[in-house]
A.B. asks: 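The structure is given below, and queries will be raised subsequently.
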Amino acid sequence: MKDKINVGIIGFGTVGTGTAKILFENSELIKKRTGIDLVLKRIADLDIKRDRGIKVPEGVLTTDADAVINDPDIDVVVELMGGIRPAKDFIIQAIKNKKHVVTANKALLATEGNEIFAEAEKNGVEVGFEASVAGGIPIIKVLREGLVANNIVAVYGIINGTSNYILTKMTDEKVEFSDALKEAQRLGYAEADPTFDIEGIDTAHKLTILSSLSYGIPLSYNEVYKEGITKITAQDIEFASELGYKIKLLAITKLSNGEIEMRVHPTMIPNEYLISKVDGVFNAVYVEGDAVGSTLYYGRGAGDMPTGSAVVADIVDIVQRGNGQKAKGIGYASADYKIRKMEDIESMYYFRFSAMDQPGVLSKISGILGNYNISIASVIQKGRRLGGSVPLVVLAHTAKERDVLNAIKEIDNLPVVSDKTLFIRVEGSEE
Ligand code: NDP
Ligand code: HSE
């Protein structure tokens, strides 16, 4: 191992600033702990005049990313600019220059990662990506190392800080969706395009990485089912609370009858489950292994310092290993794995029907549900609007998604139903 490791960062935004701060302030501590002397040699950003709130030594800042990628003295290139291009080109060039790479760019890894990891393997360098999932929680290390002895049974995660922040604000403080989103953006949690956060895209990027590590499959973003939180109303949050649940944007990957499920959607979680208490920007990942049983990891899922903490840990890890290897855990499975189609999953369900307030409506709806083998666990109807529509809430026992979709299609065609039915999948044990 070299006694001094030169680091170059591309992208001096939220995470770049946090990473630089940690490298400037904690490098002595890291040296004492590991013997590794990390030196932040260059930081590239398009704008090097803006005040980032930290003092950077003369000569470190540059507007030229090539000055990082092609500097022969730089050992590790840290990509924190985000987006697909030119980030991918910069990373590939750095790899070809035999530099290790660390990135927090889950969008890039989920969609182009197979090619990037193959290029890294070819060149005998590593790509670290601890910061790409769940911010400061070392979940990548957990799956690759801590639980290496386990067949992974299931992973459930709240892994988007922005959407969890929004749902928490809507639940606890009755804040409007758009105001909560603005606040998350101001705090530096949201993606450059916040639809990635609220439409489940960012969560799906991260789930792609977790599924690969859990089951050894190639990164398969296009196979992830995704649904965001934009259709969830304050009314649904209230009904859920009345029924004893919290609504969370959940990422789920699990083995089900030999098939791998990969899905992201709002989910009702019983109040008594630990994961339902994960609020604000915090993330949590529940991992069940066949040997270890249930485990849960919790921490800040976004922000400058928590994410910077994961970036710096990756640099140290790579330097300590120092042998250049492909991302352990990705792509080892034989080709006969199968991803489960969304229509084939089974779950419990919450339905909010917009039903006319008149006699016989409930029996029409429950009749259709019954025809599709969907059995009702409880019903709530609030308010009276004779001649108008009211929300009719039904909680159903475990049913097949295919049956649910067909039943809703039929119910939404009833003349007594005035608007599209909203449904939310429900986790927990059957009563
Ligand atoms: P920011 O937008 O805050 O920072 C990105 C920085 O990169 C900006 O300063 C941007 O400049 C700069 N940049 C853009 N293009 C170039 C270029 N060609 N050369 C040099 N610099 C460039 O993003 P974040 O720090 O929030 O996110 C960075 C990455 O980390 C993303 O992949 C994100 O998904 C990921 N991430 C973010 C987390 C967070 O909490 N924010 C947590 C975990 C991961 P300009 O502003 O002028 O465009
Ligand atoms: N926008 C992301 C989030 C950043 O809110 O979780 C962390 O990956």
Side-chain angles (χ1 to χ4, degrees), residues 8-21 42-53 61-69 77-91 93 102-112 129-137 139-140 157-168 180-181 183-207 209-210 228-229 249 251 264 278 280-285 299-311 314:
I9 293 178
I10 307 174
F12 199 28
T14 304
V15 183
T17 308
T19 302
K21 217 181 272 180
R42 288 319 298 263
I43 304 173
D45 198 282
L46 301 175
D47 177 358
I48 56 171
K49 298 239 160 66
R50 203 183 320 159
D51 179 11
R52 313 277 175 168
L61 287 170
T62 172
T63 53
D64 181 11
D66 284 342
V68 174
I69 301 162
V77 171
V78 180
E79 182 277 305
L80 298 173
M81 53 182 280
I84 305 299
R85 288 223 135 84
K88 180 182 174 187
D89 308 316
F90 290 169
I91 287 179
Q93 190 52 48
V102 170
T103 179
N105 193 337
K106 56 270 167 162
L108 177 62
L109 291 182
T111 54
E112 308 279 339
F129 52 102
E130 184 61 73
S132 68
V133 183
I137 306 173
I139 191 65
I140 305 297
I158 294 173
I159 49 177
N160 181 266
T162 301
S163 53
N164 202 43
Y165 182 85
I166 294 171
L167 289 173
T168 304
L181 171 58
E183 186 61 7
Q185 287 178 290
R186 191 186 66 75
L187 292 165
Y189 303 153
E191 294 303 301
D193 175 356
T195 56
F196 276 42
D197 295 290
I198 60 179
E199 295 295 1
I201 299 167
D202 177 72
T203 308
H205 287 146
K206 293 164 176 166
L207 182 67
I209 295 168
L210 293 182
I229 59 168
L249 183 64
V264 172
V278 175
V281 72
F282 280 85
N283 281 192
V285 186
R300 286 181 193 277
D304 52 357
M305 300 301 275
T307 315
S309 159
V311 169
D314 248 352

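As the structure lists them, so they are numbered: ligands from 1, and atoms in each ligand from 1.
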A.B. asks: I need the nearest protein heavy-atom contact for atom 32 (O) of ligand 1: residue, atom name and distance, please.
C.D. replies: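 Here the closest protein heavy atom is G82 CA, 3.3 Å.
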A.B. asks: Would you please classify the geometry between the Y165 ring and the Y189 ring as parallel, tilted or perpendicular, with 30° and 60° separating the classes?
C.D. replies: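 Aromatic pair Y189/Y165 classed perpendicular.
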A.B. asks: So V311 and L80, do their side chains get closer than 4.5 Å, heavy atoms only?
C.D. replies: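 Yes, side chains in contact.
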A.B. asks: Distance to 0.1 Å, residue and atom name: give those for the protein heavy atom nearest to atom 19 (N) of ligand 1.
C.D. replies: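 Of every protein heavy atom, L46 CD2, 3.8 Å lies nearest to atom 19 (N) of ligand 1.
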A.B. asks: Could an N or O of ligand 2 be found under 3.5 Å from any N or O of A302, whether backbone or side chain?
C.D. replies: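 In fact, backbone or side chain, A302 has no N or O that close.
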A.B. asks: Report the member of D45, I48, N105 with the shortest heavy-atom distance to atom 6 (C) of ligand 1.
C.D. replies: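 Considering heavy atoms of D45, I48, N105, the nearest to atom 6 (C) of ligand 1 sits in D45.
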A.B. asks: Do you know which two heavy atoms are closest between T17 and F12, and how far apart they sit?
C.D. replies: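 Heavy atoms of T17 and F12 come nearest at OG1-O, 3.5 Å.
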A.B. asks: Can you measure from OG1 (T62) to CD1 (I43) and round to the nearest 0.5 angstrom?
C.D. replies: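 Between T62 OG1 and I43 CD1, I get 10.5 Å after rounding to 0.5 Å.
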A.B. asks: Would you mind checking which non-hydrogen protein atom is closest to atom 46 (O) of ligand 1, with the distance to 0.1 Å?
C.D. replies: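 Atom 46 (O) of ligand 1 sits closest to the protein heavy atom R50 NH2, 3.5 Å.
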A.B. asks: I'd like to check which ligand 2 atoms, numbered from 1 as shown, lie under 4.0 Å from a non-hydrogen atom of E191.
C.D. replies: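 It comes down to these atoms of ligand 2: 1 (N), 2 (C), 4 (C).
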A.B. asks: Of the backbone atoms (N, CA, C, O) and the side-chain heavy atoms from C-beta on, which set of A190 has a member under 4.0 Å from an atom of ligand 2: side chain, backbone, both, or neither?
C.D. replies: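 Looking at A190 and ligand 2, just backbone atoms fall under 4.0 Å.
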A.B. asks: If you scan the protein for heavy atoms around atom 2 (O) of ligand 1, do you find one that is closer than 4.0 Å?
C.D. replies: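 No.
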A.B. asks: Is it the side chain, the backbone, both or neither of M305 that has a heavy atom closer than 4.0 Å to ligand 1?
C.D. replies: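 Under 4.0 Å from ligand 1, M305 contributes no heavy atoms.
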A.B. asks: Indicate the atoms forming the closest heavy-atom contact of T307 with G135, along with that distance.
C.D. replies: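 What the structure gives for the nearest pair is OG1-CA, 4.2 Å.
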A.B. asks: What are the atoms of ligand 1, with element, lying closer than 4.0 Å to any heavy atom of E191?
C.D. replies: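 Taking each heavy atom of E191 in turn, ligand 1 has 33 (C), 34 (O) under 4.0 Å.
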A.B. asks: Using a heavy-atom cut-off of under 4.0 Å, does the side chain or the backbone of T162 touch ligand 2, or both, or neither?
C.D. replies: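 For T162, the contact with ligand 2 is made by both the backbone and the side chain.
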A.B. asks: Give a yes or no on whether the backbone of G200 and the side-chain of N160 come within a donor-acceptor separation of less than 3.5 Å.
C.D. replies: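 No, because the side chain of N160 does not come within donor-acceptor range (under 3.5 Å) of the backbone of G200.
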A.B. asks: Give a yes/no verdict on whether any heavy atom in A192 is under 4.0 Å from an atom of ligand 1.
C.D. replies: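 Outside the 4.0 Å threshold, so no.
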A.B. asks: Which residue and non-hydrogen atom of the protein lie closest to atom 43 (C) of ligand 1, and at what distance in Å?
C.D. replies: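 Closest protein heavy atom to atom 43 (C) of ligand 1: T307 CG2, 3.4 Å.
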A.B. asks: Using a 4.5 Å cut-off on heavy atoms from C-beta on, say whether the side chain of I10 contacts that of I69.
C.D. replies: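 I69 reaches I10 side chain to side chain.
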A.B. asks: Among all protein heavy atoms, pick the one closest to atom 30 (O) of ligand 1 and tell me residue, atom and distance.
C.D. replies: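 For this ligand atom, the closest protein heavy atom is A104 CB, 3.5 Å.
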A.B. asks: A302 and P306: which non-hydrogen atoms are nearest, and at how many Å?
C.D. replies: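 Shortest heavy-atom contact: O-CG, 3.8 Å.
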A.B. asks: Near D197, which atoms of ligand 2 are under 4.0 Å from a heavy atom of that residue?
C.D. replies: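 Answer for ligand 2: 1 (N), 2 (C), 3 (C), 5 (O).
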A.B. asks: Is there a side-chain contact between H205 and L109, using heavy atoms and a 4.5 Å cut-off?
C.D. replies: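 Answer no - side chains too far apart.
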A.B. asks: For atom 3 (C) of ligand 2, which of the options N105, V15, N160 provides the nearest non-hydrogen atom?
C.D. replies: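 Shortest heavy-atom distance from atom 3 (C) of ligand 2: N160.
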A.B. asks: Mind checking whether A131 has an N or O less than 3.5 Å away from an N or O of ligand 1?
C.D. replies: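 No; every N/O pair is 3.5 Å or more apart.
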A.B. asks: Which of these, K106, R85, M81, has its nearest heavy atom closest to atom 36 (N) of ligand 1?
C.D. replies: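 It is K106 whose heavy atom sits nearest to atom 36 (N) of ligand 1.
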A.B. asks: Identify, for atom 28 (C) of ligand 1, the protein heavy atom at the shortest distance, and state residue, atom and that distance.
C.D. replies: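 For this ligand atom, the closest protein heavy atom is L80 O, 3.3 Å.
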A.B. asks: E79: heavy atom below 4.0 Å from ligand 1, yes or no?
C.D. replies: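 E79: no contact with ligand 1 (<4.0 Å).
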A.B. asks: Among all the protein's non-hydrogen atoms, which is closest to atom 8 (O) of ligand 2, and how far away is it?
C.D. replies: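 Of the protein heavy atoms, K106 NZ, 2.5 Å lies nearest.
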A.B. asks: Are any of the heavy atoms in G135 under 4.0 Å away from ligand 1?
C.D. replies: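 No heavy atom of G135 comes that close to ligand 1.
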A.B. asks: When you compare ligand 2 with S132, is there at least one nitrogen or oxygen pair between them that comes in under 3.5 angstrom?
C.D. replies: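 No, no N or O pair falls under 3.5 Å.
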A.B. asks: Contact between ligand 1 and R52 is defined here as a heavy atom of the residue under 4.0 Å from a ligand atom; is it met?
C.D. replies: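 Distance cut 4.0 Å: R52 passes for ligand 1.
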A.B. asks: I'd like to check which ligand 2 atoms, numbered from 1 as shown, lie under 4.0 Å from a non-hydrogen atom of K206.
C.D. replies: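 Numbered from 1, ligand 2 contributes 2 (C), 3 (C), 6 (O), 7 (C), 8 (O).
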A.B. asks: Taking the minimum heavy-atom distance to atom 24 (P) of ligand 1, which of L187, D304, T14, I9 ranks first?
C.D. replies: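 Closest candidate by heavy-atom distance is T14.
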A.B. asks: Can you tell me if R300 has over 12 outside heavy atoms packed within less than 6.0 Å of its CZ?
C.D. replies: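 Not more than 12 within 6.0 Å, no.
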A.B. asks: I need the minimum non-hydrogen distance between N283 and A134, along with the two atoms involved.
C.D. replies: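 Minimum heavy-atom contact is OD1-CA, 3.3 Å.
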A.B. asks: Quick one: does any side-chain atom of N105 pair with a main-chain N or O of I84 as donor and acceptor, under 3.5 Å?
C.D. replies: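 It does not hold such a pair.
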A.B. asks: Go through ligand 2 atom by atom and flag the ones less than 4.0 Å from a non-hydrogen atom of G161.
C.D. replies: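 Taking each heavy atom of G161 in turn, ligand 2 has 3 (C), 5 (O), 6 (O) under 4.0 Å.
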A.B. asks: Looking only at non-hydrogen atoms, find the nearest pair between F129 and D314 and report the distance.
C.D. replies: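 Shortest heavy-atom separation between F129 and D314 comes out as N-OD2, 2.8 Å.
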A.B. asks: Identify, for atom 4 (O) of ligand 1, the protein heavy atom at the shortest distance, and state residue, atom and that distance.
C.D. replies: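 Checking every protein heavy atom, the shortest distance to atom 4 (O) of ligand 1 gives G13 CA, 3.2 Å.
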A.B. asks: Any idea which protein heavy atom is nearest atom 25 (O) of ligand 1, and the distance to it?
C.D. replies: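 Answer, as residue, atom name and distance: V15 N, 2.9 Å.
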A.B. asks: By number and element, which atoms of ligand 1 are closer than 4.0 Å to a non-hydrogen atom of G188?
C.D. replies: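 Atoms satisfying the 4.0 Å criterion: 39 (C), 40 (O), 41 (N).
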A.B. asks: Hey, is N283 touching ligand 2 through its side chain, its backbone, both or neither, going by heavy atoms under 4.0 Å?
C.D. replies: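 Within the 4.0 Å criterion, N283 makes no contact with ligand 2.
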A.B. asks: May I ask you to test the I159-V264 pair for a side-chain heavy-atom distance under 4.5 Å?
C.D. replies: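 Not in contact.
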A.B. asks: Can you sort out which atoms of ligand 1 are near A302, meaning under 4.0 Å from one of its heavy atoms?
C.D. replies: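 So the atoms of ligand 1 that pass are 40 (O).
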A.B. asks: Closer than 3.5 angstrom, by distance alone: can the side chain of E130 be matched with the main-chain N or O of A310 as a donor-acceptor pair?
C.D. replies: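 No.
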A.B. asks: Could you go through the side-chain contact (heavy atoms from CB on, under 4.5 Å) check for T162 and D202 one step at a time?
C.D. replies: CA-CA 10 Å; T162 301; D202 177 72; over 6 Å; no
A.B. asks: Would you call R85-E112 a salt bridge at under 4.0 Å N-O?
C.D. replies: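 Answer for the salt bridge query: no.
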A.B. asks: Side chains of T195 and D193: any donor to acceptor distance under 3.5 Å?
C.D. replies: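 There is such a pair (donor and acceptor under 3.5 Å, judged by atom type) between the side chains of D193 and T195.
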A.B. asks: Would you mind listing which atoms of ligand 2 come within a distance below 4.0 Å of any non-hydrogen atom of Y189?
C.D. replies: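 Result: 1 (N), 2 (C), 3 (C), 4 (C), 5 (O).
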A.B. asks: Identify, by atom number and element, the atoms of ligand 2 in contact range of D202, meaning under 4.0 Å from any of its heavy atoms.
C.D. replies: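 So the atoms of ligand 2 that pass are 2 (C), 6 (O).
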A.B. asks: Among the heavy atoms of G301, does any lie under 4.0 Å from an atom of ligand 2?
C.D. replies: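 True for this residue.
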A.B. asks: Under the criterion salt bridge (Lys or Arg N to Asp or Glu O under 4.0 Å), I'd like the reasoning laid out for D45 against R52: C-alpha separation, chi angles, the key distance, then a yes or no.
C.D. replies: CA-CA 11 Å; D45 198 282; R52 313 277 175 168; 3.3 Å; yes
A.B. asks: For F196 and A107, work out which heavy atoms get closest and say how close.
C.D. replies: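 Taking every non-hydrogen atom into account, CE2-CB, 4.4 Å.
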A.B. asks: Please indicate whether any nitrogen or oxygen in G303 is less than 3.5 Å from any nitrogen or oxygen in ligand 1.
C.D. replies: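 Checking ligand 1 against G303, an N or O pair does fall under 3.5 Å apart.
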